[in-house]
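Comments concern the structure below.
Counting from 1, the numbers follow the sequence of the chain as shown. Excluded from the calculations below are hydrogen atoms, water molecules and symmetry mates; all remaining heavy atoms, backbone and side chain alike, are included.
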Amino acid sequence: MIEKQDIKTELLQQLTETHRHAPTVSRFVEEYFSELVPHSDYFAHLVRDDVGGEMLPPLPEEVIRRLPRYYTAVTDLYAAPFLKTSQATALFALTSAMMPNSYVRHGKRLVSPAVMVIHYGTSGAGKGNISDLRTLFEAVDRRRIEESEKALQQYDYDLEAYKQNLKCHFADRKEVQPTGRRAPEGLQRPKKPLRRSLEIPADTSSADFVLRLKGNEPYPSLLMSEELLTTISANRTKHGDFVHYILNCYHEEPIHRGRKTDDEDTIVHRPRLAMLLSGTMGAVRQFIPAVEDGLASRMLFVELPFALPWIDELTDAEAHHFNSTLRETADVATQLYEALRRFDSSHTKVTLALSEQQSRYINRLMARMNDHFFFLYGHQDIVPAVRRRHLDAKRLMLQVALMRRYEQCGSWLEALAEPAITIDDDDIDTVLFIAYWSLQQTMHLYRRLVRYDDTEATPTASTKPEEVLARLPSEFTRADA
């Protein structure tokens with residue numbers, strides 16, 4: 001019989017060999033992204049803010065510069081590197097909410113390109129700057145609300161006509177309609193339409209959240225709030241908890257909600273939700289109580305440092321340029337939304353078309369990221385986040401490819417002439433670096449969250465082979481190895 005110590009010795013040798021070849025942060029960047037980021041030690045130094053916390057650097061300006069003009073036109077409005085990163089990632093979330101009839105392949109299914117982003121930091125860090133980008137979707141949201149109001153007005157008219165016809169029907173027969181008696185054949189009570197709007201209020205009930213998703217189906221919805229506490233407060237009320245539905249929305253898994261009252265039965269077959277929230281670290285801990293929480297691996301996190309330098313108010317000329325640039329960007333997004341809506345009648349799907357070589361390259365690099373972050377973090381909790389960044393990367397690739405094609409063609413009619421959207425290799429590398437950077441942000445946040453089996457913040461687990469073995473259970477066998 002083989003001694004357990006022999007098994008551990010054998011495993012120790014394997015772990016030591018694997019650990020020796022696990023790249024450090026700087027080596028990983030140098031090996032895979034040397035052309036994008038010329039500084040190989042980009043992540044080697046953390047940024048320390050005035051309140052004593054440590055933060056990762058923002059996205060390198062070299063990477064942001066590689067994005068289409070749609071993004072850089074907005075990021076150029078901000079001087080601080082962290083605000084450039086903040087607004088670029090906010091644009092990813094908001095634009096994804098305005099992309100109906102567009103899909104990326106995830107396994108055997110097609111899913112929408114909607115992404116979920118959370119900005120967090122200390123008070124005064126500039127998190128509220130995402131409100132500048134509300135201009136991006138206001139026109140579309142207003143149009144959806146107007147369409148919904150017209151449908152509700154038509155419903156009120158039809159309901160009144162129905163009641164009058166029903167009254168006349170029984171009056172002609174000199175009858176009184178008993179309670180619960182069905183209407184005569186051919187006379188049907190109109191069905192009240194569901195309310196439709198692009199944005200779902202952050203302060204809403206669980207029932208209203210599901211009905212809004214149902215009303216917007218098959219179009220995406222948007223949950224946006226400059227104060228994460230608004231969503232947290234709503235979820236603390238008796239009928240407000242809808243966080244579990246957000247988990248379904250990420251993979252577009254069906255939501256089936258039933259209630260005894262009024263025999264309610266609501267099914268959202270393909271819930272599509274983009275999210276953009278911002279708050280303090282304390283609010284994030286309330287919204288995502290532990291690392292194992294499903295929300296933790298689904299979000300793209302961006303941490304903002306305390307803004308120490310004084311920022312002057314804009315002059316009139318600067319404010320005019322600022323607002324006109326945002327309006328121009330909003331026009332592009334609105335035109336994209338309207339162009340994609342035209343595919344409703346044809347049932348055509350705009351999809352990301354990766355070549356076989358591109359797919360292999362993406363899979364190989366994401367597999368390396370999976371091993372890389374597992375050894376850096378030292379716990380399996382990071383693995384779901386890596387795999388979900390793989391999906392988010394493809395979602396961002398479709399968005400970037402669409403904006404690149406528009407930049408080249410000059411109109412959405414020409415840009416969408418072919419529904420299969422291809423992407424350049426350079427844009428793939430840019431998005432993969434953003435995915436890598438976001439995983440660094442996720443790992444950095446995980447180290448300050450708790451695990452359900454811990455009472456304190458999760459410590460940074462050591463990846464030294466000897467200490468990995470020390471954490472193994474006493475009844476460890478070769479089969480476990």
Side-chain angles (χ1 to χ4, degrees), residues 22-34 36-37 39-47 54-60 62-64 66-67 82 85-86 88-90 92-93 104 106 115-121 250-251 275 281 284 288 290-304 361-397 399-400 428-449 451 458 460-461 463:
T24 62
V25 175
S26 57
R27 277 181 52 205
F28 193 92
V29 175
E30 185 176 13
E31 182 177 354
Y32 293 103
F33 301 114
S34 57
L36 275 71
V37 186
H39 315 295
S40 62
D41 61 343
Y42 180 74
F43 285 113
H45 305 287
L46 296 177
V47 178
E54 289 185 335
M55 320 190 139
L56 293 170
L59 274 172
E62 301 96 327
V63 174
I64 295 179
R66 292 168 60 100
L67 293 171
F82 277 99
T85 298
S86 166
T89 52
F92 290 147
V104 298
H106 177 56
V115 295
M116 302 177 177
V117 177
I118 292 183
H119 294 171
Y120 70 97
Y250 182 82
H251 291 296
M275 267 179 49
M281 182 63 211
V284 171
I288 305 176
V291 169
E292 294 95 333
D293 193 292
L295 287 174
S297 58
R298 285 166 168 81
M299 303 293 151
L300 295 171
F301 295 103
V302 180
E303 185 178 16
L304 300 176
Y361 173 72
I362 294 168
N363 286 331
R364 184 169 65 251
L365 186 50
M366 292 304 302
R368 290 299 303 272
M369 284 193 202
N370 187 75
D371 297 340
H372 173 65
F373 281 101
F374 175 75
F375 276 97
L376 282 180
Y377 184 64
H379 197 280
Q380 63 187 14
D381 288 340
I382 198 68
V383 174
V386 179
R387 294 177 181 176
R388 284 166 181 157
R389 285 307 79 73
H390 185 195
L391 171 57
D392 287 333
K394 288 191 285 186
R395 286 169 160 162
L396 294 183
M397 285 176 194
Q399 188 180 138
V400 169
I428 288 179
D429 284 336
T430 302
V431 172
L432 286 175
F433 183 86
I434 294 172
Y436 175 78
W437 174 86
S438 72
L439 282 168
Q440 286 281 348
Q441 291 276 340
T442 300
M443 183 175 66
H444 189 57
L445 176 67
Y446 275 19
R447 286 169 172 162
R448 286 178 287 171
L449 294 177
R451 293 213 304 269
T458 305
T460 303
T463 58

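By the side-chain hydrogen bond (donor to acceptor under 3.5 Å, both in side chains) test, S86 is found to be paired with H119, residues two or more places apart in sequence or in another chain being considered. Annotation: salt bridge (charged side-chain N to carboxylate O under 4.0 Å, His left out) contacts of R395 (sequence neighbours excluded): D392. Under the rule for a side-chain hydrogen bond (donor to acceptor under 3.5 Å, both in side chains), the partners of S297 that lie at least two apart in sequence or sit in another chain are R388.
A 4.5 Å side-chain heavy-atom check between L445 and E303 finds every atom pair outside the cut-off. Looking at heavy atoms from C-beta onward, V104 lies out of side-chain contact with M397 at the 4.5 angstrom threshold. D429 places a side-chain heavy atom less than 4.5 Å from the side chain of L36. Using a 4.5 Å cut-off on side-chain heavy atoms (C-beta onward), W437 and L300 make no contact.
Relative ring orientation between Y436 and F33 is described as tilted, the plane-to-plane angle lying within the 30° to 60° band.
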Please walk me through it: do H251 and L391 pass side chain to side chain contact (heavy atoms under 4.5 Å, CB included)? CA-CA 9 Å; H251 291 296; L391 171 57; 4.0 Å; yes

Steps toward side chain to side chain contact (heavy atoms under 4.5 Å, CB included) verdict (L295, Y250): CA-CA 9 Å; L295 287 174; Y250 182 82; over 6 Å; no

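Annotation for M369 and L432: closest pair CE-O, 3.5 Å, computed over non-hydrogen atoms. Scanning all heavy atoms of the two residues, the minimum distance from R389 to M366 falls at C-CE, 4.1 Å. Looking at every heavy atom in both residues, H444 comes nearest to R448 through CD2-NH2, 3.2 Å. The two residues A296 and I288 make their nearest non-hydrogen contact at CB-CG2, 3.7 Å. For I382 against F373, the heavy-atom pair with the smallest separation is CG2-O, 3.7 Å. The heavy-atom pair separating T442 from A385 by the smallest distance is CG2-CB, 4.0 Å.
Without hydrogens or angle criteria, Q399 side chain to F92 main chain gives a donor-acceptor distance under 3.5 Å.
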